Amino acid sequence: MMYGILFTILFLAVLLLLQNKKNQARYTQQYIEEEPSPLSAEQIQLIRDSWQRVLPIKVKAAELFYGRLFELDPSVKSLFRGKLDFQGDKLMTTLNVVVNSLDDLSGIETMLQEMGKRHIIYGVDVAHYETVGAALLWVLQQGLGEYYTEEVEEAWAIAYGLIATTMIEAAYPA
Ligand code: HEM
């Protein structure tokens with residue numbers, strides 16, 4: 001009886017976990033593939049507010065990010081040749097610039113395009129962007145806890161889609 005209850009709880013937890021993984025991957029894929037819609041003023045505010053909650057734990061967040069990324073796709077680990085804490089710092093700094101530029105992304109378009117092209121040299125391919133997006137949403141979920149609402153998730157998924165699309169279109173022109 002006891003084992004039955006434990007088994008059911010475990011089963012439901014695994015199911016929930018898998019569902020979550022699928023949703024976050026679907027989310028980023030959807031916004032990368034579709035023509036990205038611009039963010040509303042409310043969505044920009046949601047991103048900024050939630051980012052303020054993540055910034056104080058940015059070192060931990062970056063660490064969690066790579067952990068999750070390598071869990072979702074162990075094959076990308078070999079692409080990272082430098083020190084991960086150094087790399088994590090660069091990632092968080094770039095995200096910070098992006099969050100501060102959401103009102104007018106045209107100001108950082110060239111920076112994103114150049115970054116997209118550099119990513120080809122690192123061995124990154126288009127499909128990786130979906131995985132990175134899913135890892136990012138997952139980290140936000142961990143860091144924000146109850147503040148990670150559906151609206152926050154959607155706003156971040158759109159923002160990530162806009163960034164990723166700009167990088168991808170510059171790196172792999174049709
Ligand atoms: C929104 C998307 C992304 C952002 C903002 C981002 C940001 C960065 C930044 C700032 C760097 C430092 C070097 C540079 O500026 O060129 C970097 C390097 C790198 N990124 Fe990304 N990245 C993104 C997507 C990806 C994806 C999809 C992958 C695939 C796994 C990836 C893998 C790497 C690798 C392998 C490096 C080089 C690390 C090393 O030299 O050890 N990035 N990224």
Side-chain angles (χ1 to χ4, degrees), residues 21-22 24-39 43-44 46-48 50-52 54-55 57-144 148 152-174:
K21 233 183 208 179
K22 232 168 64 195
Q24 288 172 341
R26 180 183 55 74
Y27 237 136
T28 43
Q29 184 186 22
Q30 177 187 337
Y31 285 108
I32 291 170
E33 281 175 2
E34 283 177 7
E35 187 60 31
S37 57
L39 288 157
Q43 285 172 322
I44 292 178
L46 280 178
I47 293 176
R48 291 203 169 133
S50 53
W51 184 243
Q52 284 313 312
V54 176
L55 267 183
I57 54 152
K58 65 176 185 171
V59 175
K60 182 80 200 156
E63 207 181 293
L64 281 175
F65 169 80
Y66 291 111
R68 179 63 167 181
L69 179 62
F70 301 152
E71 186 187 309
L72 290 175
D73 184 353
S75 73
V76 300
K77 202 168 183 180
S78 62
L79 303 181
F80 291 87
R81 296 167 196 280
K83 285 207 160 176
L84 275 190
D85 49 354
F86 186 55
Q87 170 60 26
D89 193 46
K90 284 198 272 188
L91 173 71
M92 297 311 270
T93 304
T94 307
L95 286 176
N96 199 42
V97 171
V98 171
V99 169
N100 288 327
S101 311
L102 288 174
D103 289 320
D104 181 12
L105 282 175
S106 67
I108 57 162
E109 199 177 357
T110 311
M111 176 200 95
L112 293 176
Q113 289 169 335
E114 292 308 315
M115 206 165 72
K117 291 180 198 161
R118 284 199 298 276
H119 276 66
I120 307 182
I121 303 166
Y122 306 145
V124 172
D125 93 58
V126 180
H128 291 142
Y129 281 87
E130 184 193 319
T131 321
V132 163
L136 178 66
L137 290 186
W138 181 84
V139 170
L140 290 168
Q141 184 179 30
Q142 305 309 303
L144 293 171
Y148 187 82
V152 168
E153 179 170 66
E154 184 173 18
W156 272 100
I158 296 175
Y160 179 78
L162 289 166
I163 303 162
T165 306
T166 307
M167 289 172 69
I168 291 169
E169 282 177 0
Y172 317 91

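Every number for a ligand or one of its atoms is a count from 1 in the order of the listing. Please read all numbers here as calculations on a predicted model, not as lab measurements. Note: hydrogens, waters and symmetry copies are ignored here, and every other heavy atom, side chains too, is used.
Among protein atoms, those of element N, O or S found less than 2.8 Å away from atom 21 (Fe) of ligand 1 are H119 NE2.
Of the protein's non-hydrogen atoms, F80 CZ, 3.4 Å is the one closest to atom 32 (C) of ligand 1. In this structure, atom 10 (C) of ligand 1 lies nearest to the protein heavy atom T94 OG1, 3.0 Å.
In this structure a side-chain-to-backbone donor-acceptor pair under 3.5 Å is missing from Y122 to R81. A donor-acceptor pair under 3.5 Å is formed between the side chain of N100 and the backbone N or O of N96.
Heavy-atom contacts of G82 reach the following atoms of ligand 1: 39 (C), 41 (O) (cutoff under 4.0 Å). Residue contact check: K90 has heavy atoms under 4.0 Å from atoms 10 (C), 12 (C) of ligand 1. Listed by number with element, the atoms of ligand 1 under 4.0 angstrom from any heavy atom of L79 are 35 (C). Interface of I163 with ligand 1, defined as ligand atoms under 4.0 Å from a residue heavy atom, comprises 1 (C). Within ligand 1, the atoms closer than 4.0 Å to a non-hydrogen atom of Y160 are 1 (C), 2 (C), numbered from 1 in the order shown. Near R118, the atoms of ligand 1 lying under 4.0 angstrom from a non-hydrogen atom of the residue are 14 (C), 15 (O), 16 (O).
Atom CD1 in I47 sits 8.0 Å away from atom CD1 in I158 (nearest 0.5 Å).
Between Q142 and V139 the shortest side-chain heavy-atom distance does not fall below 4.5 Å. Considering only heavy atoms from C-beta on, V54 comes within 4.5 Å of L144 through its side chain.
The ring-ring contact (aromatic ring centres under 6.0 Å, His included) pairs that include a residue from residues 87-116 number zero, where partners must be two or more places apart or lie in different chains.
Remark: E63 pairs with K60 by the salt bridge (Lys or Arg N to Asp or Glu O under 4.0 Å) rule, at least two apart or across chains. For F80, the ring-ring contact (aromatic ring centres under 6.0 Å, His included) criterion is met by Y66, F70, not counting sequence neighbours.
Here atom 30 (C) of ligand 1 lies nearest to H128 when heavy atoms of H128, R81, M167 are compared.
With I108 as reference, V98 is the one residue of T166, L102, T94, V98 to meet the side-chain contact (heavy atoms from CB on, under 4.5 Å) rule.
Minimum heavy-atom separation, W138 to L64: CZ3-O, 3.9 Å.
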